[in-house]
Every structure is written in C-alpha cells, then in structure tokens.
> 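Have a look at the structure that comes next, please.
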2 protein chains.
Amino acid sequence: MYALQAATTQRAPRPKFSNTALGAIGTVSLFERNNTIFAEGDDADRAYKVVSGGVRLCKMMPDGRRQIAAFALPGDYFGFDWLGHHALTAEALNDTTAISYARNRLERLGDEDHDVRAELYATLRHDLWAAQNHLIILGRQSARERVTSFLVELIERRKGDNLSTIAVPMTRRDMADYLGLTVETICRELSALKREGVIAIPGRHAVIVHDEAALRRASMADD
Amino acid sequence: MYALQAATTQRAPRPKFSNTALGAIGTVSLFERNNTIFAEGDDADRAYKVVSGGVRLCKMMPDGRRQIAAFALPGDYFGFDWLGHHALTAEALNDTTAISYARNRLERLGDEDHDVRAELYATLRHDLWAAQNHLIILGRQSARERVTSFLVELIERRKGDNLSTIAVPMTRRDMADYLGLTVETICRELSALKREGVIAIPGRHAVIVHDEAALRRASMADD
DNA sequence: CGAAGTTTTGACGTCGATCAATCGCTGTGG
DNA sequence: CCACAGCGATTGATCGACGTCAAAACTTCG
C-alpha cells in the first residue's frame with residue numbers, strides 16, 4: 001500500500017507556464033557550446049527556458065572539482081531558483097536556444113497573476129524534489145546504480161518519442177560530475193552494461209536500451 | 001571580488017514567519033525519540049516548526065540504506081516542501097516539541113497574505129539552497145571534508161550563543177547517513193581531529209572547537 | 001593529413017567500507 | 001547499591017570499489 005502510493009505520488013510534474021502570461025515577455029537567446037549563461041554569484045536578472053540544446057547547472061570548488069546539480073533539457077526552466085543572486089553556474093552543453101525572461105517583469109507578473117505565481121512555486125518545488133532524489137544517488141548508491149539511475153532518468157525525461165534510442169546530449173565528463181564519479185568509471189559501467197546486452201552504444205551521444213527492465217532493476221528505483 | 005560577493009550573498013537566510021499571521025493557527029505537538037512524525041508518501045496535511053529537540057528528514061531505500069536530506073533544529077520549519085504528499089520521512093532525533101500547522105489553513109493564509117506567501121517561498125528557496133550545497137558534499141568531498149563541513153554547519157546554525165562548545169543532538173549513525181559515510185568513518189575522523197587538537201569530545205552529544213580556523217580550512221568552505 | 005580533444009581500456013593504488021572486538025554509557029531489577 | 005543487559009561509540013585488521021595514472025583508439029575539424 002505504501003509502496004504503491006509512493007510510486008504514484010512521488011513523481012513531481014515538470015511545471016508548464018501558461019503561454020499566455022509568460023509568452024509575451026520572453027526574448028530568444030542563443031548560446032554556443034560551453035558558453036557560460038550565468039555564473040554562481042551573478043545578479044539574477046534573467047531566468048530561462050530551454051528551447052533546444054541543453055544546459056548544465058553546477059557548482060565549482062576552488063581546486064576545480066565540479067558538481068553538476070542538474071541538466072536543463074528542452075522544455076525545462078532554469079535560473080528561477082534564486083531571486084537575488086544565482087546559486088549555480090549555467091553553461092551550454094551544446095549550441096543552445098533559450099527564451100529569457102527579465103526578472104523585474106517576472107516579479108510583477110508573479111504579484112499580479114495567481115497562475116504565474118503557482119507555476120513559479122511549482123518550478124521551485126520540482127527543483128527541490130529533484131535535488132533530494134539526487135542526494136540519495138550521491139550519498140548511498142554504487143557506481144552501477146548511479147549510471148543506471150541516470151539512464152532511467154533520461155528515459156523518463158524524453159518527451160513524446162518512445163524510441164528505445166535515447167539522446168545523451170552531455171559528455172562523459174558531464175555525466176561523471178553529475179553522478180559524483182570519474183570519467184573512467186562512467187566508461188567502464190557503460191561498457192559493462194553493453195557487454196551484458198542491456199544497452200548498445202551507437203555513438204557518443206546516444207544509447208540504445210535493449211532491456212529497460214534490467215536497467216530499472218539495476219537502478220534500485222528509489223523507495 | 002567574485003569570492004567576496006559569493007561569501008556575502010550565498011548565505012540563504014533561514015526564513016522567519018510573521019508571528020502575527022501564523023502564530024494563531026499553530027498547535028503544539030510532542031514527539032518522543034525516534035518517533036515518526038510523517039513518512040514519505042503520506043498525505044501532507046500538516047507542516048511543522050521545531051521548538052525544542054530536533055528532527056531528521058530522510059529517504060529510505062528498500063534494502064534499508066538511508067540518506068538524511070536535512071536536520072531541522074529549533075526554529076526551523078519542515079514539511080512545507082511538498083503540498084500534496086511528503087517527499088521525505090520526518091523522525092524525532094530526541095524528545096521534541098514542535099508547532100504544527102494545518103495545511104488547509106496554511107493555504108488559505110498563503111492566498112490572502114502577501115507576507116506569509118513570501119515566507120513560504122523563502123522556506124522552499126532555503127531548502128533548495130541547502131540541498132544544492134549538500135550535493136557538492138556528497139558528490140565531491142572527502143570524508144575529512146564532509147565531517148568538518150558538518151561541524152562548521154553546526155557552528156553556523158547555532159543561534160545566539162557564541163560558546164566554543166557545540167551541541168550535537170544526533171547520533172553518529174545520523175551523521176553518517178547525512179554525510180554519505182559509515183559510522184566507523186565518522187568516529188575515525190572525529191578521533192583524528194581530536195588527536196590533532198582541532199576539537200575535543202566531552203561526550204556523545206557535544207564537541208568543543210579549539211581551532212575553528214583549521215576546521216574551516218579542512219572543510220574547503222565551498223567556492 | 002595532422003592536431004587536439006574525447007572516449008575507452010588496462011594496471012595499479014588508495015580511501016573508505018566491512019568485519020570483528022572492546023569499551024563505556026544508561027537504565028533496570030535484585 | 002551493584003550486577004547485568006543492551007545499545008551506541010570506538011578502534012583495529014582486512015578487503016574491495018572506485019580513483020589515479022598511462023596509453024591507445026576514435027572523432028572532429030582545420
């Protein structure tokens with residue numbers, strides 16, 4: 001009973017802003033691969049929605065260690081989390097198109113429009129939910145569990161298409177910095193999954209899932 | 001410049017609800033050590049503020065592994081993060097007193113009162129900020145860095161008192177499950193810090209900080 | 001074709017986990 | 001008041017998963 005309830009209620013829907021309210025105030029921005037969109041500590045004067053490409057949201061340590069907190073993929077919002085200064089650095093994974101919203105306009109809209117307010121709130125709640133799930137991966141899962149959890153996450157974030165081929169827009173290093181591992185461990189786990197027939201790897205930025213059930217089993221799909 | 005900015009702006013203030021608005025609708029609850037206040041997946045019909053004692057907020061894996069996402073100490077709010085179902089399990093660290101707020105009253109108040117709304121939003125933002133800082137600890141820090149980061153966090157959360165003795169209301173196991181380590185590693189790191197003269201350990205639930213600068217240096221205070 | 005960056009694989013090292021024993025509280029009953 | 005049981009904390013010995021170092025293969029782009 002508890003497990004069933006958890007399975008049906010834990011999924012936090014990615015919020016969708018009403019196009020009517022926000023559509024009008026956004027402007028299109030382009031970023032090329034590895035460009036910084038904003039850095040941790042910057043004035044948070046703009047927030048974004050990814051149209052195409054992808055973005056990594058990360059924190060850096062003084063000695064160069066990096067932890068990626070999340071990836072923003074097409075349809076996702078980012079930069080809404082902190083209204084004074086950005087808490088994370090945002091960098092383009094690829095050549096990326098995004099719609100950008102001015103902070104002062106967002107705030108005005110949030111004060112006036114109950115729906116926009118609810119959606120800003122839902123965005124924040126979704127990010128918190130995602131971060132808390134990420135904690136269990138980083139704190140308590142093995143390398144195998146992390147890599148399979150990540151692939152399952154990509155499967156579930158993939159929008160309409162039900163292909164068994166999933167797009168992997170980030171590099172092995174990005175995956176490593178998201179999962180708290182090294183590039184080499186990522187490669188080894190992917191190779192092992194390939195050897196076991198669970199997946200195939202047609203190229204750097206794609207994975208074919210042959211046995212999704214095995215993948216989910218290996219990921220210990222939380223609770 | 002950037003480092004200075006980060007140091008002054010990254011700290012997310014713990015929100016304080018206006019007592020006038022919320023004070024009226026809270027009721028006092030008591031929980032004894034290790035009692036479950038709510039479980040992951042439960043209907044989120046109440047949210048809480050800790051008065052005395054402490055609470056761990058955690059996720060469990062089916063095989064018993066546990067990740068603690070946060071500790072709620074006196075003055076902290078918890079259970080506000082998810083308005084449908086709770087995303088985390090809350091358990092009392094100690095005999096604990098908390099003020100509990102009914103969800104439907106909170107929602108009504110949030111709709112009516114701009115200040116309450118801002119404070120609910122600030123609570124969520126604080127939790128997200130804390131979770132993102134936690135990610136870098138779990139993903140990229142050594143055992144030594146994790147334990148010292150934790151002690152620094154306790155120092156900074158300690159309210160008015162400026163004593164060098166800090167209260168540690170949780171067990172070694174709780175610390176381990178918060179930091180993604182084992183009980184043994186926690187003990188060993190604490191013993192090493194004691195041997196090096198950085199801290200003293202007068203009892204299970206207290207630490208005396210002799211060299212706070214060394215502690216902060218060892219914690220690699222992020223960014 | 002050559003250069004630079006990314007991915008993959010192998011050999012080896014290490015940090016923290018595991019297994020095990022002991023210590024030291026705290027509470028309970030004789 | 002003391003003996004003892006039970007649980008948490010501590011310390012030691014050993015193990016193993018993942019990191020580090022190194023080299024080769026592959027991809028991309030000039």
Side-chain angles (χ1 to χ4, degrees), chain A residues 32-34 56 61 63-67 91 93-95 137-151 168-196 199-207 218 220, chain B residues 32-34 54 56 61 63-68 91 93-95 137-151 168-196 199-207 218 220:
Chain A
E32 48 188 42
R33 191 165 130 79
N34 291 330
R56 60 176 169 257
M61 290 176 72
D63 59 3
R65 281 177 284 179
R66 187 176 71 161
Q67 177 62 47
E91 298 168 324
L93 294 173
N94 290 70
D95 292 356
I137 292 178
L138 296 182
R140 287 298 179 217
Q141 291 198 322
S142 67
R144 168 61 65 105
E145 289 168 338
R146 296 183 202 207
V147 171
T148 52
S149 293
F150 179 70
L151 292 176
V168 181
M170 61 291 290
T171 66
R172 299 289 186 260
R173 166 153 294 284
D174 291 328
M175 290 177 55
D177 287 343
Y178 180 73
L179 296 174
L181 298 170
T182 59
V183 175
E184 293 92 328
T185 300
I186 299 291
C187 278
R188 276 188 255 271
E189 290 301 334
L190 288 175
S191 298
L193 288 167
K194 186 171 73 176
R195 220 175 306 121
E196 294 161 21
I199 62 172
I201 307 174
R204 298 177 167 197
H205 295 300
V207 168
M220 286 253 111
Chain B
E32 46 189 42
R33 192 165 127 78
N34 291 330
R56 58 174 169 258
M61 290 176 72
D63 59 4
R65 279 177 286 179
R66 188 177 70 160
Q67 177 63 46
I68 296 180
E91 297 167 325
L93 294 172
N94 290 82
D95 292 356
I137 292 178
L138 295 182
R140 289 297 178 216
Q141 291 197 322
S142 67
R144 168 61 66 103
E145 289 168 336
R146 295 182 202 211
V147 171
T148 52
S149 293
F150 179 70
L151 292 176
V168 182
M170 61 290 289
T171 65
R172 299 289 186 260
R173 167 153 295 285
D174 290 328
M175 291 176 56
D177 287 344
Y178 180 73
L179 295 174
L181 298 169
T182 59
V183 176
E184 294 92 327
T185 300
I186 300 291
C187 278
R188 275 188 255 271
E189 290 300 336
L190 288 176
S191 298
L193 288 167
K194 185 171 71 176
R195 221 175 305 120
E196 295 162 20
I199 62 171
I201 307 175
R204 297 175 168 201
H205 294 301
V207 168
M220 284 253 109

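Nothing here was measured: the structure is a model prediction, and the numbers come from that model. In the text below, chain A, chain B and the rest are named by the order of the sequence lines, each starting its count at 1.
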> It should be established whether Arg172(B) places a side-chain nitrogen or oxygen under 4.0 Å from OP1 or OP2 of nucleotide dT10(D).
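Affirmative; the distance criterion is met.
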
> OP1, OP2 of dA17(C) versus side-chain N and O of Thr185(B): anything below 4.0 Å?
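For Thr185(B), the contact criterion (side-chain N or O under 4.0 Å from OP1 or OP2 of dA17(C)) is met.
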
> Which is more 5' along DNA chain C, the nucleotide nearest Ala143(B) or the one nearest Ile201(A)? Just name the residue.
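Nearest nucleotide further toward 5': that of Ile201(A).
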
> Quick one: Asn34(A) CG to dT6(C) P, roughly how many Å, whole number?
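To the nearest whole Å, that distance equals 8 Å.
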
> Look at all strands and tell whether Ile186(A) reaches a base, only sugar-phosphate, or nothing, counting heavy atoms closer than 4.0 Å.
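Since no nucleic acid heavy atom lies under 4.0 Å of Ile186(A), the category is nothing.
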
> Counting side-chain heavy atoms from CB outward, which of dG12(D), dT9(C), dC18(D) is closest to Arg188(B)?
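Looking only at heavy atoms from C-beta outward on Arg188(B), the closest nucleotide is dG12(D).
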
> So which atom in Leu138(B) and which in Tyr178(B) form the shortest heavy-atom distance, rounded to 0.1 Å?
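Smallest heavy-atom distance, with atoms named: CD2-O, 3.7 Å.
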
> Rounded to whole Å, how long is the line connecting atom CG of Leu93(B) with atom C1' of dG8(D)?
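These atoms are roughly 15 Å apart.
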
> Pick base, sugar-phosphate or nothing for Leu181(B), based on heavy-atom distances below 4.0 Å to the nucleic acid.
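Here Leu181(B) touches the backbone only, sparing every base.
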
> Looking at every non-hydrogen atom in both residues, tell me the closest pair between Gln141(B) and Arg146(B) and how far apart they are.
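Looks like O-NE, 2.9 Å.
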
> Would you indicate which nucleotide in dT6(C), dC21(D), dT18(C) comes nearest to any side-chain atom of Glu184(A)?
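Closest nucleotide to the Glu184(A) side chain: dC21(D).
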
> Measure the distance from CD on Glu145(A) to C1' on dC18(D) and round it to the nearest whole Å.
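My rounded result for the distance is 14 Å.
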
> Looking only at non-hydrogen atoms, find the nearest pair between Ala176(B) and Val183(B) and report the distance.
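Answer, listing the atom of Ala176(B) first, then Val183(B): CB-N, 3.7 Å.
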
> Check the distance between dG16(C)'s P and Leu138(A)'s CG and give it to me in whole angstrom.
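The answer, rounded to whole Å, is 16 Å.
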
> Measure CZ/Arg140(B) against P/dG19(D) and give the value in whole Å, please.
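Distance, rounded to whole Å: 8 Å.
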
> Does Arg144(A) form a side-chain contact (heavy atoms from CB on, under 4.5 Å) with Thr185(A)? I'd like the steps, not just the answer.
CA-CA 9 Å; Arg144(A) 168 61 65 105; Thr185(A) 300; over 6 Å; no

> In whole angstrom, what separates His205(B)'s NE2 from dG24(C)'s P?
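In whole Å, dG24(C) P and His205(B) NE2 are 17 Å from each other.
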
> Please state how far atom CD in Glu189(B) lies from atom P in dT10(D), giving the value in whole angstrom units.
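In whole Å, dT10(D) P and Glu189(B) CD are 13 Å from each other.
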
> May I ask you to test the Glu189(A)-Leu181(A) pair for a side-chain heavy-atom distance under 4.5 Å?
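Not touching, per the 4.5 Å side-chain cut-off.
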
> Which nucleotide sits closest to the side chain of Cys187(B): dG16(C), dT7(C), dT11(D)?
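The closest nucleotide is dT11(D).
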
> Is the shortest side-chain N/O distance from Thr182(B) to OP1 or OP2 of dA17(C) below 4.0 Å?
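For Thr182(B), the contact criterion (side-chain N or O under 4.0 Å from OP1 or OP2 of dA17(C)) is met.
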
> Atom CG of Leu193(A) and atom P of dT8(C): how far apart are they, to the nearest Å?
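Taking atom P of dT8(C) as the reference, CG of Leu193(A) is at 12 Å.
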
